[in-house]
Structures are given as structure tokens and as C-alpha cells.
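Here, residue 1 is the first one in the sequence, and each next residue gets the next number. If you're wondering where the values come from, they're calculated on a predicted model, not measured in any experiment.
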Amino acid sequence: MSTVDKMLIKGIRSFDPDNKHVITFFKPLTLIVGPNGAGKTVTTHHSLTQFIHSFIQSIDRLIGFVSQTIIECLKLSCTGELPPNARSGHSFIHDPKVKGETETKGQIKLRFKTAAGKDVVCIRSFQLTQKASKMEYKAIESIFQSSDVWGHFLILFYRCADMDREIPALMGVSKAVLENVIFAHQDDANWPLQDPATLKKKFDDIFSATRYTKALEVIKKLHKDQAQEIKSYKLKLEHLQTLKDAAYKLRENIAEDQAKTESLKGQILELEKNIQKVETKIQQAETTLKDLRGLQDQISTKTTTRSTLFKLQQAQYAALAEENEDTDEELKEWQTKFEERIALLVSKISKLEREMNDMETKSSFLSHTIKDTTREIGKLQHEADANMSLKHDRDTAIQRLFVKHNLGFLPTIPFSDDIALNLTNRVKSRLTDLEKDLNDKKKSNEIELNALWASYVAANDRYSEVEAQKQAKAVMKAGFLKRIKDKEDERDLAEHQLSNLNLLHIDEREKNLQIEVEKKTLQIAERDFESNIQQKRTELFHLEQKIKSLYREKDVMASDSEYRVKLDLKKGELESRKKKHKKMQANFSLFLPFFSKFWLPSDKDLKKEITQALGKVRKEYEDLNSKSVEAEKEVKVNQLKIQDAQNSLSKLQKDMDARRRFVDSKLQSLELHSSTIDSFPEVLLEVTNKRDDRKSKYNMADGMRQMFEPFEKVARARHFCPCCERPFTPEEEDEFVKKQRVKATSSAEHLKVLAVQSTNAESHFLQLDKLRIVHEEHLKLGKETIPQVEKNLKELNEDLDEKSQALDDVVGVLAQIKSEKDLVETLIQPLETADRLLLEMRGLQEEIDDLESKLDARGQGVRTMEEIQSQLSSLQSSRDTLNNDLQKLWEEQTYMNNDLSNIQMRWHSLREEKSEASNMLHKVKKAEEDLERLAEDKEQVELEEKHLVEALVPLSKEKDKLLHDHKDLKFKLEREFEEQAELRRSYQQEVETLFAIASKIKEYKDSKKGERLKENQEKLSSSESQLQSCEAKKQDLSIELNKSKELMRNQDQLKRNIDDNLNYRKTKAEVDELTSEIESLEDRIVKTGGVPTFEADLKKYMQEKERLRSELDRCHGTLSVYQSNISKHKLDLKQAQYNDIDKRYFNQLIQLKTTEMANKDLDRYYNALDKALMRFHTMKMEEINKIIRELWQQTYRGQDIDYISIHSASEGAGTRSYSYRVLMQTGDAELEMRGRCSAGQKVLASLIIRLALAETFCLNCGILALDEPTTNLDGPNAESLAAALLRIMEDRKGQENFQLIVITHDERFAQLIGQRQHAERYYRVTKDENQHSIIESQEIFD
């Protein structure tokens, strides 16, 4: 079984990091006694002076000196867990600031026996470093020392986590038992009566229920996961089975297809041989058939020729007039002589026919000539009549035109050709004049319309330009409106936030809190806590001295040698404290320059004098601080005024620049590029003069146009001059009208130009006249408003410089006073330590004197132990009362200081809230200023937009007027042009009619058709006489020609008979020859065998070949199908899913079966573990409750609780999670103890439960540490607890490894259990002169 032997502590909490403190643990009892704060448990000293100092420095922390207990060192060594509230180790290691260094190292070395009885040592080292802004804790190393089976010394280095797991395993208990049962911390000692969740967690950890429950859950989860895996394995196996069957099927198909392929290849070879044989037969049959068909073609050709010749023979025979019986030679001789006689007769007939043709040609020509001449004469006569009618129409048309259009004098009708030509030319000249007048009118109209349209386009361009500027201003206005809305929202939000802050209420609360702070400060000063505490501590010190004196008197009975040891120790402590006090005096001497005003007082009055000096400095600092705040407010107010003035000046300058830019842009848009706002008056005067000049010129031109415009109409209507009323000839009238039109055209063009110039000048003047107001405002801003604002701004800047200088002076003095205040405040912190050191030095000196006097007076009589013990108890009671009074004073002082701190924090918070309100107010003002600036910019844009709108009105009117004038003028000119064009068209139609008639007359005259009429009449009479003579001669030639032809016809009949006989005989011979050839060819065909026979054989062979070829193609197709199937199946078998399919299937089957077997084993393991846990839990709870009942009944001296027990219940069906409650039995009632018991009952119940748990679970570890077991226990219960512990030790006295470690400050309890039969020595923990914890071993006396 495991036990602890020895432990070394260095640099842990209040233990000195430079010295080693060793404690040896005895069997069965190790007793550690000491007052509170000595180092047994965690004690935290709060220095009021340090608290006030840290509050003044606005550092929200408490400086505490934390020391670590022996029990915490044991727990940390065994489990690696830091104690509660150790702040991640920062308060666990000795604070380096206490020692005045930047780094402190701590170490815990524990030697213990393992459950196997083996000696081991574990060493844990730590380091705490003071960084610039924080503390850094670090566990340096963990060392494990042991020996092997041969006794060799081993040193192992572990990580902290590995060490934390290793040591509980070596000690034979779990980490939870070590933390909650064996080495339970004082703060957590009452865990059995804490909330149910904490109680459940603790018991679960002790029972290791969580671990086993998790194991069950893991097994269950593993069982479930494996069940899912089995399902997936079954699915995989089914899939592999399917793939395996598919692969087997593919292999079978490949084998079948390969067998069929071999069979088809043999069939294909046989078919190819048969096809070759059939092709040979077909080739032979085709050769023979080709020859026979050649013979048939010859027979057919010859038969056709014979048939043709036979038909010719029959026709010739039928045409024979007489079949001659002479031979062929005789007929040929007759044919030769006959042709000679016939040739002479043919020659004569030809001559007569030629002469007859000549006569007929001549007669036909003459008839045709007579006919043409007669027709030509009729036509010419008709044209001559039409010409006379045209001349009459011409004369009538000329007479009508001259009368209608007043073309001048006209001779009498009919006119000669020359007179008619002259009159026609006069008419044509008048038409030319009309056309020219019409073209001139058209040109003048176009000029007028173009000039007016150009004016309209110019006006429209100016209108569009101004409209674009207006739209741009509208866009700028919209942008300003959006920015104004955003600023208004920002201002409204700030005003809303500001409205939520009641400034008057904040000021009032600030004043009230300031008064309350002063009041609280005064109350603390009036209570004079320091003097009262000092008085109590002095009294307490005197009592302690008396108690110590009694202790010394009591201890003198034990041994005289201890006096010498104690005397040496006390002298060492006194020397150490003198060194510390001297070091502090050296630190105080650093502030001698500051105490030139305040003389450095003696040690006795040091704290009082420094406190008074601090009060004076603080008062001076607060006065200067208030002055600096007032000066700063004045500077801020002046800065706000300057900012307002600067904003106003900036706004005015922007306004003036905007007006300048507006005027300059307008001048630029008016094409006055060299002009600026400075030359605006000269430009305005120049434009005014130019407008008046252009207007007068236009009025003069318009008057002249109105005067000359009706002259043309008067001249045309009355045919005289409108000025002098002289009559016009047509030529003069035309000339006058022509000149008038030219003048009208030129004057209209000139008038349009003048109108455009006048309109432009008027538009420029109007736009410049509107700019005059803007120019006057610009001048006013530049000469009056801005200079006045600049003057005010200069005065404000001078005032600001003066106030800023005053503020800088106050701030400089304030900084100096603050540095002095900080120097004094730094002295506050070590004052308490210096006071304490001084008192301890005096006490130690007195102890030393007392020890020396006792040593000198040795041998005098002493009182009995009972008298000393009685007086000691009385003094201890008085000391406890003083301690309580001192504690109350400290608590009251702390409460009042905390109250003051809270009020000051509220005051500072309120001042921050006031500052925030000031910032919001400034934000609202800035938003309003931005709104004003944006509103001014918007107004400027609206003003410019308004000017542009006003400028658009005249431009729009001008544009509409010009467009209307253009339409009216166009309509008027088009009407006049149409009237004139209509006049010209009607005259032109009449002239064209006259010209058409004249053209026809001229055409008739030019063709000389009258002369041709006379010539044709003479030619007609001559041709008629020639035709009569020609007809007589033609009749004579016809008679003679008929006679010769009759003779010729008889000779032809004879010759035709001879020729027909000769031709008949020739044709008959050819028919006979062809008949013999046809018969010869037919004989050859019959001998060969006949074409149908060979055609039938060839057809049969071809059918056989086709059948064989079809069969071969079918075999090839089937073969390719089988081969493609084989390739496809082989390719399918090469797929990844069929690779090693048999092996994969077998492996998957094995995996499935083994997993199913393992899952069944998991199910059995789960059930077995579940039942074992239930049995273990039930058995342990029964054992624990039995021990608890016995211990309670032996220990508790009250009558209200019979016994207590721990009740466990399952939290739900099917779960292995338990909930725990501590119950107390009162009569027949069983009640939950939590919330129904006193503090003493709670402590006693917790101790008993821990003892029972230790008895039950610590089979391999007999250690139990009790930290302050008598807390909240009354005397009888404490005595009974001591008796119970004595009984336990008595029962375990035969057990070598039983160790009880008791840490207490209760001297009575220590005396009850500290008996010599259990331990020869005990340990007393105290503080030395440096406030370091020290451990002293002392003898136990009965």
C-alpha cells in the first residue's frame, strides 16, 4: 500500500523561494498546527493602504499576498491540479514583487511509497515571471526518480500530463479519490452537501462511473456501428455475388461464342469453295451465250435489211408499167442513146422558160409600181389637206395668245409662214421670261426661309444649352437635398440620443456625487481606522507576548536546550527584520528631494506625516485641476466661436466664388471669352449700345420692306409705275417687276440678317442684365461682409492665444503637482509593512530579552501546568475577542473604502457620460453647421436654376415666335409661288399647243411632200402603158413552151420504164443473197444448242451463286456478331468491378462472418459489464452507508439526527447514470440533509462521508488528510470527532501504511488527538520576520 514519507517545499505561496522547507510524515498521525495565515491554508492579506493607492492610480485590481498550504502541495504533487482560485498559477507561486525581483521559482518534491512498496520521488518545478504588463506562469519540468530491480538509481523526465497520469496509477487510487477524498481542499471539503450536479459529478468520478458508462456507451456505439457495418457488408456481399454471377455468365458466353465461331469458320470455307465452282460455270455459260447472241444480232440485222429490200422489190414491181423480157445488157444500151435525144429537147424548153420568167417579172414590177404610186398620191393629198387645217389652227392660237396676254400688235389672218414664225418667237420669249421670274421667286423664297430657319436653329441651340444647364443644376440640387437629408438624419439621431440624456440632471448628480465623495472621505478620516486598528494590534501584540511568555514558561519544563535554539532563531529573525527595515529606510531616502518641503519624520510619526503631506498635495492638485478644467472650457468655447467664424467666412467666400464662377460661366457661354466679372460693367454697357444699334437698323430695313412690297402687285394690276404713275409697255413692266423682285429678295435677306443680329443682341443684353444683381451681390460680399468677418476672426484668434497660454501654464503646474502627489502615494504602499516590521522588531527584542532573563534566572520556582494552562486559556479567549474586534474594524474600513470607491467610480462614469453628452452636443452643432452650409449651397444652386428658368422663358418665346414666323412665311411664299407657277403652267400649255402646231407645219414643209405629189402623178401614167405591151409578149411565149413540154413528157415515160426494170432486177438479186446468209447463220445456232437453253443454265447458276453468297454473308455477319460479343465480354471482364471477383467475394464473406461473430461478443461483453457495474455500485454504496452510520452515531452528540446515508437512484430506465443525495434519518422521517442542517453538521457530515469513502476506496492507499476538520464544530462535536479519529487510529495501529494527516489551528483539538502513542512530534507552522512561512517540529507531551 502507498504512503507519503517526506515533502520539500520551496517558493510556493508564502514559503521562501531561497530556503527549503521539509516535512516528514509519520504513521499513523502527522499533526500540523498553526494560526490562520501561517501557511497551512490559503490566506489573502489585503492592504488598505495598497487598495487606496491602487484606486487613486485607477488600477482595478487587488494586491494580495497568497501563500500555499501543505495540503495543496500534496494534492498538486499527486494529481497535478492547481488549487481553487489560483488564477492559473499566478497566486500559487511566491509573488516576485514581494521579493523585489522579476522572476520566482518554486519546487515541490515528494517522496512516497507506491502500492507495490517501492520508494519513488516526484519533483515538480514552477516559474513565475513578471512581464511588462502581466504575470507569466509556467510549469518548468517534472522529474520522476526511482530505482530498478537491481537497485540502480533512475531519473525520468515527464511531461506534466504524463506525470499526472503516472502518480495516481502508482499510488493505486484514482485521481478523483486523491482530489476529493484523500487531499480534499478546505474550500471544497463540504462537497457532499453541495448542489446535486456537483455531487453527481464527484461520485461519478470516485466510482469511475463516467469511465465505465462511457465504456458501455462506446461498446454500445461500437455494437451499433458494427451492426451498420454488417448491413453494409451484406449489401457489399450481395453486390459482389451479383458481380460474380455476372462474371461467370460472361465467361460462359465467351466459351459458347468461341465454339460457334469455329463452326462458322468451317462453313465459310466450304461455301467459298462452292461459290468458286459456280462462278466457273457461270463464266463458261456467259462466253457461249455471248457468241450465240452475236449470231442472233447478225441474223436480226440481215433479216431487217432483207425485209426492207423485199418491200422495195415489191414496190418496184408494182410500179412497173410493163415488165420487159430483154436482158440487162440490152436495156442498158437503150438507156444510153435515149439520153442524147432528150438533152436537146431539155435545152429548148429551158430557154423558153427563161424568157417567160423575164416577162412575168417585168409585168409584176410594173403592176407593183402602179399600185405604190397610186397609194402614195392618196397619202400626199391627205397630208396637204391636213397642213392647210394646221395653218388655220396656228393663226387662231397666235391671235388668242396675243389678245389674252397682251403681247402687242397682230396683223390680219391668215398669216404667212414668216409672219407666223416671228409671232411664235415673241410668244416663246414671253414664256422664257415667265420661267425666269418663277425661278427667281423660288430662289428668293428659299433665301428668306433659310435665313429665318437659321435664326430659329440659333435660338433653339441657345434654349437647349440653357435647358442643359438647368438640368445640371437640378441634379446638383438633388445631390444637395440627399446630403441635407443624411445630415438631418445624423443630427436627429444625435438629438434623440441627447434628448435621452438629461444634462441638468447629470450636472446635479455630478455635484451630489462630488459632495458624497467628500462626505465619505471625511467620514473615513473621522473614524480614524488606522489609529484604532493600531491600538487593537498593539493590545493584541501585548496579549500575544503574554501568551508566548506562558508558552515559554510551559515549554521550559520540557527542555532547557530549547531556550538556546529559540534564542538563536529569534535573534536571526530580529536581524532579518532589521535588514528589511533598513532597506525600506534607504528607499524612503530616495524621496528626500521631495521632503525638502516636508521634513522626513521619525519612524514613529512617519505614516501620519506622509498622510498629512498626501492630503495637502491632493488638495492643491484638485484646486489646480478645477482651474485647468475651467480654462479648458473657456478655450473650447473660444475654439467653437472661431470655428463658427471660420465656417461663416468659408461660406461667404464660397458664396462669392460661386457668384464669380456663375458670372464668368455666363460670360463664357455668351462667347465673351476675354471678359471676367471685373470687366462686367464695361461689357454690359457695350452690349447695351450694340443692342440699340442693331434694333434701329432692323426697324429701318423693315420700314423700307413694307414700303416697297406692294409695288409689284400695283404694277401688274394697273400696268403703270406706282411712284410716278407712268404707263408701262410690256417690256418695261417686265423689267420693273424683275428689278422689284431682285430688290425684294436682297432686302428680305438683309432684313433676316438684321433680325437675327437684333434678336441675339437683345438676348445677350437680357442675360447680362440678369447677371447685374449677382455682380452687385459679389461686390458687396467682397468689400463689406467678408472683411468684417475676417476682423472678428482675428480678434477671436488673439483671445484664443491668450487663453491657451494661460491653460498651458496651469497644465504645467498641474503636471508638477501630480508628479509630487504620485511620489507621496508611492510611499503609502510600504508604510504598513514598515509599521509591521517595527512592531515585530520590538516584539522580537522583548522575546530575546525575556529568553535571556529566563536563561539567567534558571533555577527559580515555576507554576504548575494547570495554572499556566488556565491563564493561557483566559489570554487566548481575550486574544480571540481582540482578533474579532480587529477583523470587524478591518471589514468596516474595507466596506467604507469600497463604498467610497464605488461612489468615485460612479462619479467618474457620470463625468464620462457628461463628456459624451458634450460630444453629442458638438456633433449636433456640427451637423447643423453642415446643414446650413448645404442649405446655402442648395439655395445658390436654386438661385442659379431660377435664373436659368427665367432665361428659358424669353428664349422659349423667341424660339416659338421664330418657328411660327417661319411657318407663316413658308405658307405665304408657297402660295405666291403656286399662283405664279399656275400662271406659267397655263401659258406654257397654250404655248406648247402652238409650238406643236408650228412644228407639224414646219415638218410638212421640210418634207417637200407637195413636189412629190406631182412627180408621182406623172410616173403613174408611164407605168400603165409599159404594162400593156409586156402582157402581149408573155402570151406568145406561153404557147410555144407548152408545145415543147408535151413532147418532153412522152420521152420521159419510156426512159422511166427502162430504169424501173433495171432497178427491180438489182433489188431482187440482193434479197436472194441475204436469204442464203440468214439460213447459214440459223444453222450454226441450231448446231450450238440455242440461246434459251444457255440463258436458263446461266440463270440457274446465278441463283445458286446468290444463294451461296447470301449464306456466306449470313455466316460472316453471325461470325462478326460472335466475335464482337467475345470482345465485349472480355472487355467487360477487364473492368475494375470484375477484377479478382472470386477472391474479393471470398474475403468479403470472411469479413462478414467474423464481424457478425465479433458483434455477438460485444453484446455479451456489454451485458456482462453492465451487470458487474450494477453489482459493484450496489455493494460499494451499502458498504459506504454502513461506515457512515457507524461513524455518525459514534461522533455526533446531538439528538436531532439519528444517522445519515447516501441515497443513489438511477436517472432513467435502461441507463447506468445515478443521482445522489445525502439523507438524514430523524425518527421515522428520512429528509434530504442539504439546506436543512447547520454549518457544523455540514462539516461533520462531509468529514464522515470522506472517511467512509477513504475506508471503501483506498484499499491500496492508507493516506487521509484533514484540513481544518473542526471548522464550524462546537466543543462537544469536535471532541467526539477527535475520539472517533483516535478510535480509527487505534483500529489501524497494526496497519503499517495507515497515515492520518491533520491540519488545524484548534489547539484543544490538537491536544486531544496528539498523543505520544500515535506520534512523537508535531509540526507548528509560523511566519518569520520576512513574513515567510516556516515549519517547526516540536515534541508531543502527554
Side-chain angles (χ1 to χ4, degrees), residues 241-311 1073-1139 1141-1142:
Q241 179 68 46
T242 304
L243 293 178
K244 181 183 175 184
D245 294 343
Y248 180 75
K249 185 67 176 177
L250 288 174
R251 294 191 190 100
E252 283 187 346
N253 291 337
I254 290 171
E256 291 177 0
D257 290 343
Q258 286 176 345
K260 291 179 181 179
T261 300
E262 294 299 327
S263 175
L264 283 173
K265 285 181 179 178
Q267 292 180 15
I268 288 170
L269 291 175
E270 185 69 24
L271 288 172
E272 287 177 349
K273 291 178 182 178
N274 293 335
I275 288 172
Q276 287 179 357
K277 293 179 181 178
V278 173
E279 284 180 347
T280 303
K281 292 179 180 180
I282 289 173
Q283 188 176 3
Q284 294 174 356
E286 285 178 346
T287 303
T288 305
L289 188 60
K290 183 178 180 182
D291 296 339
L292 289 175
R293 283 177 178 170
L295 294 174
Q296 280 187 342
D297 291 340
Q298 292 178 13
I299 290 170
S300 176
T301 302
K302 293 181 180 296
T303 301
T304 303
T305 305
R306 178 185 175 283
S307 176
T308 303
L309 290 173
F310 183 76
K311 289 179 181 179
E1073 184 180 359
L1074 288 172
T1075 301
S1076 63
E1077 290 178 357
I1078 290 168
E1079 289 174 354
S1080 175
L1081 291 172
E1082 288 177 348
D1083 290 338
R1084 287 178 59 187
I1085 290 172
V1086 170
K1087 289 178 181 178
T1088 303
V1091 174
T1093 303
F1094 283 99
E1095 286 180 347
D1097 293 341
L1098 180 61
K1099 183 177 180 182
K1100 183 178 68 173
Y1101 294 152
M1102 290 298 293
Q1103 289 176 351
E1104 181 66 17
K1105 179 184 176 182
E1106 288 298 323
R1107 184 185 67 78
L1108 293 174
R1109 177 65 65 184
S1110 174
E1111 185 68 20
L1112 180 63
D1113 291 340
R1114 184 185 65 79
C1115 290
H1116 277 300
T1118 306
L1119 179 63
S1120 64
V1121 170
Y1122 287 149
Q1123 288 177 345
S1124 65
N1125 287 338
I1126 291 170
S1127 300
K1128 180 177 178 297
H1129 294 332
K1130 287 182 178 180
L1131 188 62
D1132 290 341
L1133 280 175
K1134 289 180 180 180
Q1135 292 181 6
Q1137 60 182 356
Y1138 296 118
N1139 288 340
I1141 185 63
D1142 296 330

[atom2] on [Y] to [atom1] on [X], rounded to 0.5 Å:
| X | Y | atom1 | atom2 | value |
| --- | --- | --- | --- | --- |
| Lys302 | Ser1080 | NZ | OG | 9.5 Å |
| Asn1139 | Lys1134 | CG | NZ | 11.0 Å |
| Gln284 | Thr280 | CD | OG1 | 7.0 Å |
| Lys311 | Leu309 | NZ | CG | 11.5 Å |
| Ile275 | Ile282 | CD1 | CD1 | 10.0 Å |
| Gln283 | Thr288 | CD | OG1 | 11.0 Å |

Indicate every side-chain donor-acceptor pair of residues 1121-1132 with a distance under 3.5 Å to a residue at least two apart or in another chain.
{"residue": "Ser1124", "atom": "OG", "partner": "Ser1120", "partner atom": "O", "Å": "3.1"}
{"residue": "Ser1124", "atom": "OG", "partner": "Val1121", "partner atom": "O", "Å": "2.7"}
{"residue": "Asn1125", "atom": "ND2", "partner": "Val1121", "partner atom": "O", "Å": "3.2"}
{"residue": "Ser1127", "atom": "OG", "partner": "Gln1123", "partner atom": "O", "Å": "3.1"}
{"residue": "Lys1128", "atom": "NZ", "partner": "Asp1132", "partner atom": "OD2", "Å": "3.4"}
{"residue": "Asp1132", "atom": "OD1", "partner": "Gln1135", "partner atom": "NE2", "Å": "3.4"}

Please say whether more than 12 non-hydrogen atoms of neighbouring residues, nucleotides or ligands are located less than 6.0 Å from NZ in Lys244.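 Atom NZ in Lys244 is packed in, count exceeds 12.
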
Please report the C-alpha distance between Arg1109 and Glu1106 in whole Å, then the side-chain angles of each, then the deciding distance to 0.1 Å, and finally whether the salt bridge (charged side-chain N to carboxylate O under 4.0 Å, His left out) criterion is met. CA-CA 5 Å; Arg1109 177 65 65 184; Glu1106 288 298 323; over 6 Å; no

Between Arg1114 and Glu1111, is there a salt bridge with N-O shorter than 4.0 Å?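 Answer for the salt bridge query: yes.
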
What is the minimum heavy-atom distance between Leu243 and Tyr1138, and which atoms define it?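 Answer, listing the atom of Leu243 first, then Tyr1138: O-CE2, 3.4 Å.
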
Could you go through residues 251-273 and list every donor-acceptor pair under 3.5 Å that involves a side-chain atom there, pairing it with any protein atom two or more places apart or in another chain?
{"residue": "Glu252", "atom": "OE2", "partner": "Tyr248", "partner atom": "OH", "Å": "2.9"}
{"residue": "Asn253", "atom": "ND2", "partner": "Lys249", "partner atom": "O", "Å": "3.2"}
{"residue": "Thr261", "atom": "OG1", "partner": "Asp257", "partner atom": "O", "Å": "2.5"}

So among Thr308, Thr305, Thr304, which one has a side-chain contact (heavy atoms from CB on, under 4.5 Å) with Leu1074?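 Between Leu1074 and the candidates, side-chain contact (heavy atoms from CB on, under 4.5 Å) is satisfied uniquely by Thr305.
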
For the residue pair Lys1099 and Gln1103, establish whether any side-chain heavy-atom pair is separated by less than 4.5 Å.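 Yes. Closest side-chain heavy atoms under 4.5 Å.
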
